[in-house]
Number of protein chains: 2
Amino acid sequence: MAEKTLDIPISTTAEDFGGLRMTKQRQVVYDVLAALGREHPTAAEIFVDAKERMPSISLATVYNCLETLTGAGVIRQVCIDRAAARYCANLTPHAHFYCDCCEKVFDIELKDSAEATSVWSLPKGSKVTEMQVAMRGICGLCPRCRSEES
Amino acid sequence: MAEKTLDIPISTTAEDFGGLRMTKQRQVVYDVLAALGREHPTAAEIFVDAKERMPSISLATVYNCLETLTGAGVIRQVCIDRAAARYCANLTPHAHFYCDCCEKVFDIELKDSAEATSVWSLPKGSKVTEMQVAMRGICGLCPRCRSEES
DNA sequence: TTTAGATCAAGAACTATTCTAAATAGGGTA
DNA sequence: TACCCTATTTAGAATAGTTCTTGATCTAAA
């Protein structure tokens, strides 16, 4: 999954989305997150980049924006263990893989035509509005991680 | 899933497990967690119950014990969003469902002969050592949650 | 232009968790 | 049994991440 277009009116400045304003700050936070692509930055990391684009922005505002954008369903919060929350502009159903060896977070896509909830025996009448899947292990992608495997 | 027997030498006092001592405190913490069954208590909640059984126990010790027991693979830590970590003595592969309506956490079992990772297209050579699946929504189990559904 | 409400910035406050240091406990050995 | 060594516990301080509070600023609508 390399490129993706949002069908949400969020790339134009100061436009409404879901009754909320797309302010300069929210736009900056979103742009920074989108620019960082697959890196799943934390709020603090986003703050660093956002400050380059808008020096007056505060950490509290970054948190506010991330919460607003998450609530609007435009980005997703990714929680792995108790570490700082990470954020992700990839809205397709996907899991996260944290590599114990290289300490990176990877997106894991659903298999073709698979359903994320299909392996779970959910109670009748239940409705899943959100699902977070986090795996941990060795990614086996970089040389060091390949040698790490026993 | 109502009853379950642990095949881990942990129910007898002060016995070794994986080179570690099963101390009184660790036993109490484990017992409290097992007694709370499906309730997925937080460290603070475990502390309250543990203090009844052993008034001298400290919160730091509860945290220590939970970490030790988790590391020994005897219990699991459950992280949902950024809320306080919850703990769980159910070691079978299962997911967690947080009900937005009744605010409870339910265990969701794997379907018969299903594999939790099977729907995800993991990179070749990767190895998953742990997987956390958290769903959020309406459980539809209690009357109030049933009426909540649109 | 005025007004009302949304949003922002800065820093204080809060919560869950980890760390530190000293005391204690328990197992192995003499 | 007495001693030693190490693991563990305790209590409280410290920390990290996040949320809250307050007053200022911005925006859209009237």
In whole angstroms, the gap separating C1' of C:dT7 from CG of A:Leu66 amounts to 15 Å
So, does A:Arg82 use its side chain to make a donor-acceptor pair with the main chain of B:Arg82 at under 3.5 Å? yes
If you check the A:Gln25 side chain, which of D:dT8, C:dG11, C:dC8 turns out closest? C:dC8
Among D:dT9, C:dG26, D:dT18, which is the nearest nucleotide to the side chain of B:Cys65? D:dT9
How far apart are the closest heavy atoms of A:Val78 and A:Gln132, and which atoms are they? CA-OE1, 3.8 Å
For atom CE of B:Met54 and atom P of D:dT8, their distance in whole Å: 15 Å
Applying a 4.0 Å non-hydrogen cut-off, can you work out what A:Ser56 is touching in the nucleic acid: base, sugar-phosphate, or nothing? sugar-phosphate
Using a cut-off of strictly less than 4.0 Å, decide whether A:Thr23 has a side-chain nitrogen or oxygen near OP1 or OP2 of C:dA6. no
What about B:Val48 and B:Ile75, same hydrophobic cluster or not, with Ile/Leu/Val/Met/Phe/Trp/Tyr joined at side-chain heavy-atom distances under 4.5 Å? no
Angle class for the B:His96/B:His40 ring planes (parallel below 30°, perpendicular above 60°, tilted otherwise)? perpendicular
Among the candidates D:dC20, C:dG27, C:dG5, find the nucleotide nearest to the side-chain atoms of A:Arg21. C:dG5
Taking only the side-chain heavy atoms of A:Arg82 (C-beta and beyond), determine which of D:dT18, D:dT9, C:dA16 contains the nearest atom. C:dA16
Same cluster or not: B:Val32 versus B:Phe47, using hydrophobic residues (I, L, V, M, F, W, Y) connected whenever any side-chain heavy atoms lie under 4.5 Å apart? yes
Would you mind telling me which of D:dT8, D:dT18, C:dA9 lies closest to the side-chain atoms of A:Thr61? C:dA9
Using atom CE of A:Met22 as one end and atom P of D:dT27 as the other, report the distance to the nearest whole Å. 14 Å
Give A:Asn64 one of three labels, base, sugar-phosphate or nothing, depending on what nucleic acid heavy atoms sit under 4.0 Å from its own. nothing
Starting at atom CD of A:Gln27, determine the distance to atom P of C:dT7, rounded to an integer number of angstrom. 15 Å
Phosphate oxygens OP1/OP2 of C:dT17: is one of them under 4.0 Å from a side-chain N or O of B:Tyr63? yes
D:dT18 P sits how many Å from A:Glu45 CD, rounded? 11 Å
Length of the CG-C1' vector between B:Leu59 and C:dA16, whole Å: 9 Å
Checking C:dG11, D:dT27, C:dG26 against the side chain of A:Lys24 (C-beta onward), the nearest is D:dT27
Of the listed nucleotides (C:dT7, D:dT8, D:dT10), which one gets closest to any side-chain atom of B:Ser58? D:dT10
Nearest-Å distance, CZ (B:Phe47) to P (C:dT17)? 14 Å
In whole Å, I'd like the distance from the CG atom of B:Leu69 to the P atom of D:dT9. 10 Å
Write down the atom of B:Ala43, the atom of B:Leu59, and the distance for their closest heavy-atom approach. O-CD1, 4.3 Å
Any base atoms under 4.0 Å from B:Ala85, or only sugar-phosphate, or nothing? Heavy atoms, all strands. sugar-phosphate
At 4.0 Å (heavy atoms only), tell me whether A:Ala84 reaches a base, stays on the sugar-phosphate, or touches nothing. sugar-phosphate
